[in-house]
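Each chain gets a letter, A, B and so on, in the order its sequence line appears, and its residues count up from 1.
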Amino acid sequence: MSETIVQAPARGNITAVPAIELPGAERKPITKKDISADHPTWCPGCGDFSVLALYFKLMEKRKMLHEKITTIAGIGCSSRFPYFVQAHGAHYIHGRSLPFSSGVSLTRPDLHVFVFGGDGDAFSIGGNHVNHTARKNIKMTYVIMDNWVYGLTKKQTSPTSPLGFKSKTDTWGAMDQPINPMKQLISAGATFVARATHTNPNHLLQMMEAAMDHDGFSVIECLSECVEFYEGAFDSSNPRKGGKFELVPATHDVTDENAAYALAAAPFPGHFGIFYKNNRPTKNANEAKINAAAMAKVAGKKDWEILQATFNRLK
Amino acid sequence: MSETIVQAPARGNITAVPAIELPGAERKPITKKDISADHPTWCPGCGDFSVLALYFKLMEKRKMLHEKITTIAGIGCSSRFPYFVQAHGAHYIHGRSLPFSSGVSLTRPDLHVFVFGGDGDAFSIGGNHVNHTARKNIKMTYVIMDNWVYGLTKKQTSPTSPLGFKSKTDTWGAMDQPINPMKQLISAGATFVARATHTNPNHLLQMMEAAMDHDGFSVIECLSECVEFYEGAFDSSNPRKGGKFELVPATHDVTDENAAYALAAAPFPGHFGIFYKNNRPTKNANEAKINAAAMAKVAGKKDWEILQATFNRLK
Amino acid sequence: MSESTVTPPVSASPAKVSKVTEAVIRFAGNSQDGIQAIGGFLARLAGRSEQEVMTFMTIPSTISGGPSIFQVRIGSGEVLSAGDEADMLVAFYQHSYEDHIHSVRKGGIVLYDSDHVQVKPEWESEYRHVAVPISSRTIEAIGGTAKDKGKNLFTLGLVAKMFDLNLPKLERLITERFTGKDESVVKNAMMAFNAGYGFSLGNLFETFQFVESQKRDGHQVVMNGNEAMAYGLIAAGIRFGAAYPITPWSDIMELLRRELPKYGGTFVQCEDEIASISMAIGASWAGRVAVTGSSGPGISLKTEALGWAVMAEVPLVVCDIQRGGPSTGMPTSVEQSDLNIAVYGGHGDSPRVVLAPTSVEDCFYTAIEAVNIARKYSTPVVIISDQAIATRIEAFTEPNMEKVCQDISPDLTPVADYKPYPLNAPDGISPRIAPGTRIMSGKYPIATGLEHDEMGHPTGSPKLHTQMTARRRKKLQKLGSELPVPKIYGPPEGNILLVGWGSTEGPIREAVDRARAAGDSVSSVHIRHISPLPPGLENIFAGFNNVFVVEMNDEGLYGYGQLCGLLRARYCDPKIRGLTKTDGLTFRVREILDRAKANVAEGLRKM
Amino acid sequence: MSESTVTPPVSASPAKVSKVTEAVIRFAGNSQDGIQAIGGFLARLAGRSEQEVMTFMTIPSTISGGPSIFQVRIGSGEVLSAGDEADMLVAFYQHSYEDHIHSVRKGGIVLYDSDHVQVKPEWESEYRHVAVPISSRTIEAIGGTAKDKGKNLFTLGLVAKMFDLNLPKLERLITERFTGKDESVVKNAMMAFNAGYGFSLGNLFETFQFVESQKRDGHQVVMNGNEAMAYGLIAAGIRFGAAYPITPWSDIMELLRRELPKYGGTFVQCEDEIASISMAIGASWAGRVAVTGSSGPGISLKTEALGWAVMAEVPLVVCDIQRGGPSTGMPTSVEQSDLNIAVYGGHGDSPRVVLAPTSVEDCFYTAIEAVNIARKYSTPVVIISDQAIATRIEAFTEPNMEKVCQDISPDLTPVADYKPYPLNAPDGISPRIAPGTRIMSGKYPIATGLEHDEMGHPTGSPKLHTQMTARRRKKLQKLGSELPVPKIYGPPEGNILLVGWGSTEGPIREAVDRARAAGDSVSSVHIRHISPLPPGLENIFAGFNNVFVVEMNDEGLYGYGQLCGLLRARYCDPKIRGLTKTDGLTFRVREILDRAKANVAEGLRKM
Ligand SMILES: Cc1ncc(C[n+]2csc(CCOP(=O)(O)OP(=O)(O)O)c2C)c(N)n1
Ligand SMILES: Cc1ncc(C[n+]2csc(CCOP(=O)(O)OP(=O)(O)O)c2C)c(N)n1
Ligand code: SF4
Ligand code: SF4
Ligand SMILES: [Mg+2]
Ligand SMILES: [Mg+2]
């Protein structure tokens with residue numbers, strides 16, 4: 001019936017090579033050099049450089065397998081991230097990096113899925129995907145590089161721009177109440193919600209490690225200054241600029257949702273650290289359970305036999 | 001230069017008639033009959049009938065001017081609402097009724113803007129618009145008719161379907177954690193957030209009145225049973241079915257955001273009434289202020305003179 | 001009943017049995033009457049009896065229901081369409097009776113529920129009326145508790161008796177259908193069925209029997225187009241999909257959601273159509289082609305992301321189950337008005353592959369073809385099916401499962417070096433590797449929507465933009481050049497060539513048969529590959545004086561439909577003209593022929 | 001400098017002053033050098049001097065910058081394009097020098113910053129090199145504090161001296177530009193400018209002077225296409241808009257956001273493109289046509305909602321400022337690859353109006369025309385501009401403001417009765433009333449995306465769907481029949497007709513002029529109304545042996561661009577062929593002519 005069934009070769013003419021190391025043998029751990037790609041095109045002084053540097057550090061420290069690292073982003077200055085990482089990566093469309101990454105996470109449990117993006121990407125066009133990825137608790141780590149402005153498109157108001165910020169779309173100062181990233185993430189059901197800043201690299205690395213170790217959707221809002229369009233935005237959170245970097249109080253119970261909202265209500269610069277954490281099952285685990293049950297019923301059958309059995313009922 | 005400038009007549013051949021009443025004279029108040037249109041195509045017993053009936057009651061009770069009522073909806077069973085109301089209305093696309101209505105609200109302060117829709121329309125495809133309309137605080141009243149299921153498309157899991165609900169897309173029972181409408185609305189910055197149910201008409205009417213009187217974005221989540229695909233979903237909130245209808249405690253401070261989160265955390269059936277209320281300025285008011293300031297600077301000038309002045313600077 | 005075989009005179013003897021080669025029966029009631037189920041049983045029975053079968057239905061788009069019909073055509077010979085005219089109407093209500101009697105051929109049978117229908121005397125002479133108190137007899141048989149639920153099975157019993165259907169097979173079908181439900185359900189169903197079968201058709205002058213069908217190779221399976229497509233995707237090796245519900249696409253996602261776990265696969269219901277296509281693209285990028293799909297508005301929402309897949313050269317299958325448009329349109333009607341969006345949807349130059357299945361069987365194979373093209377050419381493939389094909393039931397020869405099923409899991413063997421977008425790739429076609437694949441050179445690829453160099457890094461180079469744009473085009477030109485030339489149905493030369501695509505294949509072929517039987521010179525060609533177009537069409541067109549492109553869409557600003565526009569642009573031949581309609585109904589054979597004749601008479605229009 | 005007028009011999013006397021009718025100057029540096037500002041001053045000065053002017057620029061798409069150029073062509077006669085070859089290059093860096101020297105005509109001037117540029121000996125004989133230590137002299141003049149900020153004004157001073165520009169006018173422009181800023185800013189700017197003006201061009205053998213321009217009627221205004229479109233929308237009466245930022249559309253939204261409040265209007269920055277178009281549609285429905293706009297990906301996102309406006313017949317203006325595609329593509333390059341999405345974007349049959357402005361001035365008037373068509377025909381109108389027109393600066397005759405400005409506030413006078421979708425409306429055109437209008441019959445309309453009856457209530461009727469689909473089409477057919485026949489540039493008969501649309505008008509006309517000057521038989525026609533197409537094109541095409549559709553988009557699967565596909569489909573004339581490119585740059589005059597000649601030589605291709 002079908003007149004042409006193209007037979008698609010899986011690999012075409014790419015040369016497969018045997019892995020150089022013996023299976024099971026220790027591989028040389030990756031170095032920063034291995035995973036640095038293009039020189040970042042960010043403006044000199046942009047906060048995004050620190051986030052990248054700490055990502056490299058994380059990869060090194062945790063001795064990740066080079067080919068298992070995937071770096072995914074939306075669109076924005078911050079979202080150019082994957083180009084600067086020498087590893088499998090994807091630079092997707094504006095605001096939709098989370099569903100893309102969910103497709104990766106749900107089909108490839110062997111990969112580490114890291115997602116990067118800006119405040120506009122996350123909370124403006126991408127806001128609903130943040131909420132739904134959170135409630136589904138799809139395993140991945142998402143770093144929102146929040147500069148309170150649209151960088152790439154040159155200074156429009158972002159959903160995190162504070163009231164009064166003078167942008168090209170609010171020359172008289174922003175008037176729309178900004179979203180509160182922490183509150184939105186917690187109420188949406190994210191299971192790991194943390195706050196960091198590019199000016200405190202040690203803390204940021206700590207947060208990244210904790211996020212990566214979390215089995216679920218882990219999100220870090222990382223303040224990352226846009227020196228071009230919002231210079232000094234975060235000075236009051238930077239001790240080197242006379243500001244105050246205050247950790248989440250040691251007494252804070254990260255599993256207490258209401259306490260987390262209270263923490264999130266503090267005026268800027270507020271607190272840094274993990275606001276909320278919860279261990280409910282991931283969608284990855286839930287789907288795996290469903291599959292295990294379904295596959296148990298057809299155990300031992302080849303795929304075509306399962307389909308054959310279905311067709312037998314359609315006669 | 002431009003070869004054809006079509007001159008568009010404003011009204012074409014529609015017959016304008018003088019208003020029958022003298023200007024200023026009292027008009028006969030509208031009746032339910034005046035504003036009932038098509039017989040609703042909902043299934044017999046559908047909760048949506050009550051919401052419609054109370055909308056009619058509200059119009060009557062508040063003696064609204066017929067032509068000033070606008071009823072806007074997205075897509076879904078509940079969103080068929082405007083067809084059943086004999087008044088200016090629009091049945092827009094799925095999930096986008098809020099931005100549409102914002103366009104109405106921001107340009108026509110003389111109109112009452114009421115928006116109706118389902119849980120899928122509001123929290124699935126439309127979730128981000130809910131958040132942004134909330135933070136901008138655009139004046140309108142939004143009634144979310146929550147039946148915990150996709151009605152119109154015949155029983156798929158909705159973002160409010162509770163865990164375990166067996167739908168066509170989760171035959172084994174829903175596994176994704178549902179969103180919590182109250183928490184999402186409050187954290188997004190909605191300035192009037194209430195909860196009601198179609199089985200308590202008096203309370204629902206009260207909520208509708210309070211919502212309409214609120215100067216800002218007022219939202220009611222109204223439980224509205226889908227007898228076809230989720231029969232009995234809300235029985236435990238219905239005293240006539242042996243359930244419990246509990247009002248928001250009198251001691252609850254509606255301006256206390258944290259208290260509102262706590263209230264929203266209660267398991268079903270939880271409380272009914274106003275969870276949160278806040279009087280920050282609407283976007284309508286903020287924009288009007290900007291305009292007043294800008295217009296003051298060109299006071300007395302015709303529009304073409306203002307533009308002429310601008311062009312004079314472009315020489 | 002094929003008119004030539006039914007005994008023509010309105011005779012008297014009530015026990016007369018006529019042999020027929022086919023019959024068209026229309027059931028008309030309301031959507032809650034379960035008439036789809038009657039049709040389903042009949043169709044499945046026909047399949048098991050090696051008969052051909054085709055169904056057609058309409059459903060209201062509101063939930064609380066409204067009028068609904070189901071038409072089934074069963075034949076011992078080839079069945080190409082659901083039939084222009086019915087041989088028998090089963091009418092449950094007065095409105096069913098009045099609205100549908102004109103779909104019955106003169107002299108045909110009208111079987112009506114005498115509890116609801118008042119016969120119009122002026123019609124009694126033109127149609128053979130058969131009164132059956134369907135409602136009351138059903139209640140008698142199973143009690144009034146089950147709402148109107150048994151009427152359909154009672155009616156099925158009646159029909160089984162009238163057409164001397166195979167009773168054991170039917171009973172087995174009913175039992176199978178209700179297996180897993182409460183036992184009383186099966187019991188009630190059988191009771192209603194038996195009551196109908198046993199009902200004395202005293203005033204019916206004639207019953208019917210199908211002539212023996214020709215033996216076919218292999219067994220037949222019976223299903224609708226949406227099921228065929230979903231199973232085709234599974235056979236093709238698809239193990240991940242993501243979508244958002246919408247009519248008439250939803251069935252496919254519901255089936256995949258239910259079935260994929262058996263194969264270790266997953267289907268995700270997303271928050272909207274943009275998330276769905278993005279999730280599918282993510283999964284595809286991760287190594288195994290994934291699927292998304294929608295209808296109407298949901299297709300519009302997917303175009304931005306689709307463009308990314310074009311640019312990043314990530315394979316993907318997008319099913320578009322067309323319905324009436326534009327906007328929310330006519331959600332439960334058929335239309336073929338998404339061809340333009342399938343081919344051109346999205347900003348920029350974003351060529352992609354578009355396939356249109358022509359029958360239920362073809363839905364199965366097109367799904368497999370789509371997956372394979374997507375993989376080989378690293379491209380999104382849009383399958384444009386439609387509401388008619390999606391919901392109609394056909395029987396077709398069971399596929400050789402072991403042969404058609406394929407494993408498309410990604411190969412993660414390390415490679416020496418890899419360029420995702422090599423400029424020297426022959427015909428622009430370059431294979432992909434999945435993340436997780438170690439690359440010994442240490443240089444890893446980036447998938448991107450920005451214009452890029454060979455490694456996927458962004459470029460502003462005019463030269464690279466020209467070269468990469470050409471690569472994306474050339475690989476599809478290559479595919480186009482290798483497609484099979486479509487086969488002409490009928491002689492290769494003549495007066496009129498009917499060109500069609502998608503679900504109209506049956507009615508068009510039947511139109512050709514009917515026209516040729518009447519001595520008219522009509523042939524047809526059906527195009528499955530919409531973009532790129534297959535080679536050789538110009539030679540086919542050269543054989544005819546008139547080429548009419550038959551489509552269920554609007555004639556547009558300049559007098560032709562959407563495929564017609566594509567063909568006119570490509571071949572610049574003014575004899576290629578439109579034959580379109582937008583009433584939301586499938587083409588009737590007569591409609592096609594009448595319109596074609598009128599067009600020929602009209603001559604070449606000045607556009 | 002128009003080659004015929006520049007004194008040709010490379011002479012010696014340094015004080016020589018040549019009269020020129022025009023000059024093309026290219027400034028090449030990095031994006032932070034403020035070279036756009038130099039261009040802006042020159043363009044504005046030209047406007048105030050009643051000269052014609054056209055500019056062209058490239059900017060990198062990353063923020064941290066990179067190479068950037070600005071080219072300005074100033075002439076006493078008609079200036080049609082930004083010029084194929086530059087008469088003078090101003091190079092700030094070595095890369096600017098090396099990358100751009102080939103854009104200078106042989107014998108042209110290369111003025112370089114000798115603090116950064118090392119001259120290549122092999123080029124010294126071909127171009128007249130002029131060394132100026134721009135960086136150090138600027139620092140000398142204003143100190144090293146202002147980063148590199150003064151270099152552009154220093155350079156402007158140099159150019160002013162070389163071309164004997166009107167000093168008082170220029171100084172006024174500089175002062176105006178910095179008005180409102182810190183006083184020291186103006187002072188620094190003037191100091192840098194004066195330093196440049198005063199710099200001794202010792203080794204320059206020649207300075208220039210523009211011949212007097214012809215007196216024009218009225219004053220000239222100077223702006224870019226995005227500004228012209230935004231002001232056109234304001235003149236047309238638009239008082240509400242909503243959008244999401246994206247390059248190169250953002251300028252328009254930023255301008256409207258800033259300016260509308262003076263007129264009591266509002267522009268809203270939304271959370272995404274879907275919300276934006278929805279908000280604009282809501283405002284339009286509420287009574288006064290509103291605007292939204294975007295570029296690239298944002299346009300794809302708007303198509304679902306656009307279809308609603310088609311179906312509900314709500315007027316709307318959508319500006320598409322095209323950039324390189326597909327997907328994120330080439331955000332700061334020019335391309336005309338959105339014609340298909342503008343015409344066909346969206347599922348179903350959803351006809352809408354598409355207009356393409358041809359120049360900066362035309363952006364202003366097209367905006368007004370779009371608003372008026374939207375209102376009269378109750379339809380969305382898509383304006384497809386592009387990155388080149390959006391960012392290039394032109395001078396044009398000031399509009400008669402009082403005449404062009406219009407008030408389109410809704411009329412809320414009560415009406416007796418009203419049907420939003422009357423089937424008997426002549427040509428399907430029916431006026432709208434706004435909510436808030438009292439309807440004495442008590443029957444109110446519903447705007448809907450479902451197929452509907454005359455009051456807007458949903459229908460499943462095949463007949464109504466056919467009728468309503470026809471209404472939506474017919475009103476645009478009516479508009480099409482009333483459009484003016486496009487005017488031919490050049491004689492109405494000949495060998496080659498160049499057909500263009502959008503920003504290519506200038507280069508195409510210049511190509512016609514140049515070809516005719518060389519004795520070749522070439523004319524052109526430019527199409528502003530893309531959909532519906534204007535009448536009379538077939539007669540125009542009939543006068544030529546070859547019709548080439550010149551477009552900045554891909555040649556597609558079958559060898560022609562997007563407008564070409566539309567024209568081939570409509571006219572089915574194989575002599576209509578494509579002349580396309582996708583390098584993200586504007587057409588050069590030479591490129592068009594060379595390609596046209598090659599195409600003629602090649603003969604009719606088999607598609
Ligand atoms: C669909 C779509 N809309 C708009 C854009 C234009 N755009 C690119 S990045 C961006 C926002 C950038 O802001 P943010 O996400 O905060 O990232 P930043 O540049 O500040 O790091 C926008 C609006 C786009 N590329 N695609
Ligand atoms: C863009 C788009 N996607 C999907 C649909 C199909 N659709 C119509 S209504 C609906 C959901 C209905 O659920 P809800 O909003 O809860 O309303 P209900 O019917 O339950 O009142 C869906 C998915 C559509 N019309 N448009
Ligand atoms: S514009 Fe801002 S966010 Fe973007 S690279 Fe520069 S400093 Fe960073
Ligand atoms: S399907 Fe459910 S929500 Fe829809 S009308 Fe029926 S009862 Fe109401
Ligand atoms: Mg940002
Ligand atoms: Mg619902």
Novice: Can you tell me how far OG of C:S531 sits from CZ of C:R570, rounded to the nearest 0.5 angstrom?
Specialist: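 The CZ atom of C:R570 sits 9.5 Å away from the OG atom of C:S531.
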
Novice: Examine whether an atom of C:L585 lies under 4.5 Å from a heavy atom of chain D, and if so say whether it belongs to the side chain, the backbone or both; otherwise answer neither.
Specialist: side chain

Novice: Measuring heavy-atom distances to chain D, does C:T448 have an atom under 4.5 Å in its side chain, in its backbone, in both, or in neither?
Specialist: neither

Novice: What residue, out of D:T466, D:L567, D:L306, has the most heavy-atom pairs lying under 4.5 Å from chain C?
Specialist: D:T466

Novice: Check each of D:S327, D:S337, D:S300, D:P326 against C:S350 using the side-chain contact (heavy atoms from CB on, under 4.5 Å) test, and report the only one that passes.
Specialist: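 For C:S350, the side-chain contact (heavy atoms from CB on, under 4.5 Å) check succeeds only for D:P326.
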
Novice: Out of curiosity, D:T247 OG1 to D:M330 CE, how far, rounded to the nearest 0.5 Å?
Specialist: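 It comes to 14.0 Å.
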
Novice: Is C:S295 close to chain D through its backbone or its side chain, or both, or neither, when contacts mean heavy atoms under 4.5 Å?
Specialist: neither

Novice: Could you look at C:R323 and say if it's the side chain, the backbone, both or neither that has a heavy atom under 4.5 Å from chain D?
Specialist: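 C:R323 has no heavy atom closer than 4.5 Å to chain D.
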
Novice: Check each atom of D:D554 against the heavy atoms of chain C and say whether the ones under 4.5 Å are side chain, backbone, both or neither.
Specialist: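 It is both, since atoms from each part get that close.
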
Novice: I need the residue from C:P462, C:G325, C:G460, C:G345 with the largest number of non-hydrogen atom pairs under 4.5 Å to chain D.
Specialist: C:P462

Novice: Take D:Y571 and D:L537 through the test side-chain contact (heavy atoms from CB on, under 4.5 Å) and record every step on the way to the result.
Specialist: CA-CA 9 Å; D:Y571 298 106; D:L537 288 173; 3.4 Å; yes

Novice: Quick check for you: among D:D349, D:L533, D:I341, D:L566, which has the greatest number of heavy-atom pairs under 4.5 Å with chain C?
Specialist: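 Among the listed options, the one with the most contacts to chain C is D:D349.
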
Novice: What's the separation between atom CD in D:E555 and atom OG1 in D:T582, rounded to the nearest 0.5 Å?
Specialist: 8.5 Å

Novice: What part of D:Q562 is in contact with chain C, defined as an atom under 4.5 angstrom from a non-hydrogen atom: side chain, backbone, both or neither?
Specialist: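 For D:Q562, the contact with chain C is made by the side chain alone.
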
Novice: Is C:E335 close to chain D through its backbone or its side chain, or both, or neither, when contacts mean heavy atoms under 4.5 Å?
Specialist: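 Side chain of C:E335 only, per the 4.5 Å heavy-atom cut-off to chain D.
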
Novice: May I ask you to name which of C:T328, C:T459, C:T303, C:I299 has the most heavy-atom pairs under 4.5 Å with chain D?
Specialist: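 Most heavy-atom pairs under 4.5 Å with chain D: C:T328.
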
Novice: Give me the one residue out of D:L479, D:V354, D:V343 that meets side-chain contact (heavy atoms from CB on, under 4.5 Å) with D:P532.
Specialist: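 Passing option: D:L479.
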
Novice: Distance to the ring centre below 6.0 angstrom and angle to the axis at most 45 degrees; does that hold for C:K581 and C:F587?
Specialist: yes

Novice: Check the pair D:V547, D:D573 against side-chain contact (heavy atoms from CB on, under 4.5 Å), reporting the backbone distance first and the verdict last.
Specialist: CA-CA 9 Å; D:V547 176; D:D573 187 342; over 6 Å; no

Novice: Quick one: what part of D:L476 sits under 4.5 Å from any heavy atom of chain C, side chain, backbone, both or neither?
Specialist: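 Answer is both: backbone and side chain atoms of D:L476 are under 4.5 Å from chain C.
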
Novice: Between D:G584, D:P351, D:A342, D:G296, which shows the greatest number of heavy-atom pairs under 4.5 Å with chain C?
Specialist: D:G296

Novice: Below 4.5 Å, heavy-atom pairs only: which of C:A309, C:G346, C:G307, C:G449 has the largest tally toward chain D?
Specialist: C:G449

Novice: Heavy-atom distances under 4.5 Å only: say whether C:I274 touches chain D with side chain, backbone, both or neither.
Specialist: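 The side chain, not the backbone.
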
Novice: Of all of C:E304, C:K302, C:K463, which one pairs up most often with chain D through heavy atoms under 4.5 Å apart?
Specialist: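 Most pairs with chain D among the choices: C:E304.
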
Novice: Roughly how far, to the nearest 0.5 Å, is the CG atom of C:L563 from the CG atom of C:N553?
Specialist: 8.5 Å

Novice: Please report the closest heavy-atom contact between D:C572 and D:P574, naming both atoms and the distance.
Specialist: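 Shortest heavy-atom separation between D:C572 and D:P574 comes out as O-CD, 3.7 Å.
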
